[in-house]
Each structure stands twice: as structure tokens, then as C-alpha cells.
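Working notes for the structure below.
Both ligands and their constituent atoms are indexed starting at 1 by order of listing.
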Amino acid sequence: MRILAINDISCVGKCSLTVALPVLSACGATVDILPTALLSTHTGGFTGYTFLNLDDEMEKICRHWETLGLTYDVIYSGYLGSKAQIEFVKSVKRRFLKPNGKFVVDPVLGDNFKFYAGFDSDFAAGMLSLCGEADYILPNETESFLLTGERDFSKSLHMLQKICPHPVITGADCEDGYFLYYFDEKEERMPLTKVEGNYHGAGDVFASAFAGCIGGGLPLKEALALTSEFCYRSILRTKEEVPDRKYGMNYEKELWILTDKFGKTEL
Ligand code: PXL
């Protein structure tokens, strides 16, 4: 199984590609990367970070890949560094996704009901159009609101389902509990155990594991259950081990959950 991960390289802070590579590899995937930007750290909580947009380089990389005839079972896109990249990622899907391949979009926009640095409603509108090309989208509760303008999870899910067959709202905080809201044949909710606090990079850990599970052939519900277990255990570990949450999640010692599932095939 060959997966293309389109995301930034944040050198410090454990998110985006530095998470996607190990997590997808633990799912047994061969992972190729298309970096969208190079940052000294991610933008969530650090100041003075460097940011190099890779717009021009991305097209050059893809032109070379076309000479190699590469195609992918799954393309997973996350943090995009500019509005132009949104259109570009649509073309990457057309050029490199196998006919029955899956396109997983994590519409990275914000958290805690705020946009991440550099994003605005115009960018969200572009991201919504990218969601319209995806088989699965993984907005967090903030992103589901920024994409649809709707705070009610069920309503937001139905709006998203009109453009994408399988939206998943990750971490919906409701009066009666904490849930994944998702659309399989119909609207579904999967209960989650909430751990208080903010865990930077949790969305990337979730999206990477989910893309790996889908690439590994798991049905949606099973993919979400395994991904949730991996994330929950990683969050508990982070709560114990990482005092400064901007340094990301300690997921490494929980990768066995994925290798146990995907790593036991015959040679
Ligand atoms: O984890 C999402 C993310 C990815 N990439 C960059 C970010 C963030 C969130 O802050 O800043 C560069």
C-alpha cells in the first residue's frame, strides 16, 4: 500500500509530516511526502518561527514524479501553506490517485474556535471546496464550524455530507458526552473518553492513523475505533509525560496498536 502525505514539515513540535511518516509506516504503508511548507516549529504556541512556502517546489516535484509513473492507494492532505495550494492539491489528486484510491482530507484551519495563524474565512471557503473532492474529511469541532458556520454537530455533519460521502467530526463535545460524529450509510456517533486539556498535534496523529487504517482496508467504523484507541492512549501518555503541550504528543510508545494490527502479514 502506497500513501502520499501532503503536509508541512514543522521541524519541531511533532505535527504534520513528522507525525504522518512514523504513524503511516506503522500501518504498513510505504509513505511518500509532498511538503507544503518548511517551518522551524508549528505556528500553535511558538513565536518567531520561520516559514518557507513551497508552492513552486511542489509543482516541480510532481512533474518529476510523473516521469516515474507513481500512483497512490491513498492521498492524505493536511496543512496547506497558501490558497494556491488548495487548487494544486486537487490537481495532485487527479494526477496521482489510483482509480479506486481514497482521498483523505484533514481540513486544517484552526482549534478552540479560532483560525490558526495566517488562515481566514476565504481560506476556509477554499478548504471546503477541497473537501468536496474527498472520500473522507476529518474536521475537528472548530473546523466543522469554520467550514459550515454551524455549531450543531448533526447539522454540520449533514451539510458536509452533501459534498463528501464520509465526513467525520473528530471530538464533538456535547451535553451528553464526547463523540466522533460521522456519516457511514447514515449519521452515526461513536463515544470517546474525554481527557481534559489541549493536546497540540492530536488532530495530525488522528488523521495519519485514520488514513493508514483506510489504506490498510479497514471499514470506516473499525478504522475510527482503532484510530480513537491509539489517540486516547497517546493523549493519556502525553498528559503524564509532556508538561509543555506545544511540543506535541507522545504517541511513539503507542504505535504498537497499529503494528499489531497491520504488521503481522506473511512474507
Ligand atoms: O497540527 C496542525 C498544524 C499543522 N501544521 C502547522 C501548524 C499546525 C497547527 O498549529 O501550525 C504548521
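Salt bridge status for Glu59 with Arg63: present, with a side-chain N to carboxylate O gap under 4.0 Å.
Numbered from 1 in the order shown, with element, the atoms of ligand 1 that lie under 4.0 Å from a heavy atom of Ser16 read 4 (C), 5 (N).
Closest to atom 8 (C) of ligand 1 by heavy atom, among Tyr79, Phe46, Phe119, is Tyr79.
At a threshold of 4.5 Å between non-hydrogen side-chain atoms, the residues Lys239 and Arg245 count as touching. Counting only heavy atoms from C-beta outward, the side chains of Lys221 and Glu188 never approach each other to under 4.5 Å.
Residue contacts with ligand 1 do not include Gly203, since none of its heavy atoms lies under 4.0 Å from the ligand.
Contact annotation: for Leu39 versus ligand 1, heavy atoms closer than 4.0 Å belong to the side chain alone. For Asp204, every heavy-atom contact with ligand 1 shorter than 4.0 Å involves the side chain, none the backbone.
Between Tyr247 and Phe46, a ring centre-to-centre spacing shorter than 6.0 Å is recorded.
Here the straight-line distance linking atom OH of Tyr76 with atom CG of Leu24 works out to 7.5 Å at 0.5 Å rounding. Note that CD1 of Ile3 and NZ of Lys102 are 13.0 Å apart. Values are rounded to the nearest 0.5 Å.
In this structure, atom 10 (O) of ligand 1 lies nearest to the protein heavy atom His200 NE2, 3.1 Å. The protein atom (non-hydrogen) at minimum distance from atom 5 (N) of ligand 1 is Asp8 OD1, 2.7 Å.
Residue contacts with ligand 1: His42 is placed with no nitrogen or oxygen under 3.5 Å of a nitrogen or oxygen of the ligand (distance criterion only). Of the polar atoms of Thr43, at least one N or O is found under 3.5 Å from an N or O of ligand 1, judged by distance alone.
Cation-pi geometry between Arg2 and Phe96 is not met: the NZ or CZ atom fails to fall both under 6.0 Å from the ring centre and inside 45° of the normal.
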